[in-house]
Amino acid sequence: MTAPRIVHGGGVAAAARRFGGRPEDWLDLSTGINPNPAALPEVDVAAWHRLPDRHRQDAARAAAARYYGTSGALPFPVPGTQSVIQLLPRFAAAGRRAAVVSPTYGEYARVLENAGVAVDRIAGLNAVRDAHGLVVVVNPNNPDGRLFSREALLDLHRRVAGSGGLLVVDEAFGDMRPEAAIAPLAGDGMPGLLVFRSFGKFFGLAGLRLGFVIGEAPVVDRIEDGLGPWAVSGPALTIATGLMTADTAAIRRSIDARKAALESVLVGAGIDIVGGTGLFALVDHADAPAIHEGLCRRHILVRPFDYNARWLRFGLAPDATSDARLAAALAEVTAGR
């Protein structure tokens with residue numbers, strides 16, 4: 001039986017249909033995306049006019065290698081890492097189970113189980129067994145921000161690769177925590193390791209649908225074959241090349257400032273922050289469903305979780321005006337709670 005589709009962050013149009021208002025007037029805090037997109041570099045007309053030539057892909061791969069600090073392989077561009085998650089069942093060895101360190105991004109287990117792969121949702125790295133031929137770790141984790149050290153992941157990789165398995169490390173939120181990233185070590189010298197990186201979250205360009213995978217050439221070749229030709233557009237490759245070779249210090253400072261402002265609002269509202277990354281905060285509250293609905297009625301969308309009714313995830317607001325709007329709404333919906 002096919003598992004039901006997961007309700008992710010976003011979905012402002014659906015929320016507006018239920019609670020009213022125009023989608024563009026809502027404050028969407030339901031995703032972990034930089035709310036202040038990076039300024040786009042110039043895109044030449046040929047990028048729009050022609051199929052994505054090889055030189056554009058090569059330039060984007062070189063820029064990504066510099067940005068991620070990889071030396072063992074050039075990162076390979078994909079149309080969002082979700083596209084590669086859909087291919088993961090191809091890497092599950094017959095007769096072996098998959099392990100997904102959980103709770104985490106729900107599409108991993110859903111896609112694998114829909115393909116007939118037995119999945120164990122495990123609480124930590126020590127629960128990985130030789131029976132697990134495919135292991136998934138999201139680091140930093142979504143939604144609680146749990147962070148495993150690079151050393152811990154390398155130890156896990158030795159165990160998984162030693163039994164002939166594949167370790168997938170999803171570093172979609174890793175841009176703000178480069179010291180823990182394993183991407184610089186992935187490549188042809190690290191068999192049994194595949195790293196996913198997101199482009200749109202940090203740069204605030206999720207609509208571009210771009211990510212990168214880093215791993216051994218045979219694994220990446222299978223991904224390229226699975227996606228087919230021209231999977232990433234020429235404009236996306238050109239934009240990635242420009243932004244990944246530019247100075248990103250201002251983007252990092254902006255994200256830090258926006259995260260500090262969000263935490264100030266939440267603490268001021270008496271809401272406990274229990275986790276998060278640079279791009280979102282996870283809170284725990286006994287009345288989380290009521291807070292979620294109360295914010296929706298004020299046209300502010302945050303992310304609830306069907307597997308933990310006490311949790312809400314708050315993304316970053318774009319500016320001080322939005323901070324004040326959130327603070328005022330929280331004061332109203334939490335009054336007397």
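On a predicted model such as this, the values are computed, not experimentally measured, just so you know.
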Could you walk me through whether Ile300 and Trp26 pass side-chain contact (heavy atoms from CB on, under 4.5 Å), step by step? CA-CA 6 Å; Ile300 299 174; Trp26 277 62; 5.8 Å; no
Stacked cation flag Arg222 on Phe91, 6.0 angstrom / 45 deg: yes
Using side-chain contact (heavy atoms from CB on, under 4.5 Å), reason through Arg66 and Met244 one step at a time and then give a plain yes or no. CA-CA 8 Å; Arg66 172 182 169 183; Met244 297 182 101; over 6 Å; no
Is it true that Ile33 and Ile251 fall in one hydrophobic cluster, defined by side-chain heavy atoms closer than 4.5 Å? no
One pair to check against side-chain contact (heavy atoms from CB on, under 4.5 Å): Tyr108 and Leu88. What are the steps and the verdict? CA-CA 8 Å; Tyr108 283 104; Leu88 273 187; 3.6 Å; yes
Is it true that Phe196 and Val111 fall in one hydrophobic cluster, defined by side-chain heavy atoms closer than 4.5 Å? yes
Within this structure, what is the CD-CZ distance for the pair Glu179 and Arg150, rounded to the nearest 0.5 Å? 8.0 Å
Between Ala65 and Leu74 the two heavy atoms that sit nearest each other are CB-CD2, 3.7 Å
Do Asn141 and Tyr105 meet the criterion of a side-chain donor-acceptor pair at a distance under 3.5 Å? no
Could you check if a side-chain atom of Ser30 sits within less than 4.5 angstrom of a side-chain atom of Val302, using non-hydrogen atoms only? no
Does the side chain of Arg313 come under 3.5 Å of the side chain of Asn142 through a donor N or O and an acceptor N or O? yes
Heavy-atom closest pair, residues Leu279 and Lys201: CD1-O, 3.8 Å
Result of checking Phe173, Trp311, Phe314 against Phe280 for ring-ring contact (aromatic ring centres under 6.0 Å, His included): Phe173
For the CZ atom of Phe212 and the OH atom of Tyr67, what is their distance to the nearest 0.5 Å? 10.5 Å
Under the 3.5 angstrom rule, does the side chain of His132 hit a backbone N or O of Leu134 as a donor-acceptor pair? no
Distance under 6.0 Å and angle within 45° of ring axis: Arg197 vs Phe199: no
Under-4.0 Å salt bridge between Asp256 and Lys259: no
Closest non-hydrogen atom pair between Val101 and Ala123, with its separation: CG1-O, 4.1 Å
Taking the side chain as every heavy atom from C-beta outward, state whether Val195 and Val168 have any atom pair closer than 4.5 Å. no
Linking Ile, Leu, Val, Met, Phe, Trp and Tyr through side-chain heavy atoms less than 4.5 Å apart, which residues share a cluster with Trp230? Leu51
Could you check whether Ser163 and Arg96, counting side-chain N and O atoms only, form a donor-acceptor pair closer than 3.5 Å? yes
Is a salt bridge present between Asp130 and Arg159, judged by a nitrogen-to-oxygen distance below 4.0 Å? no
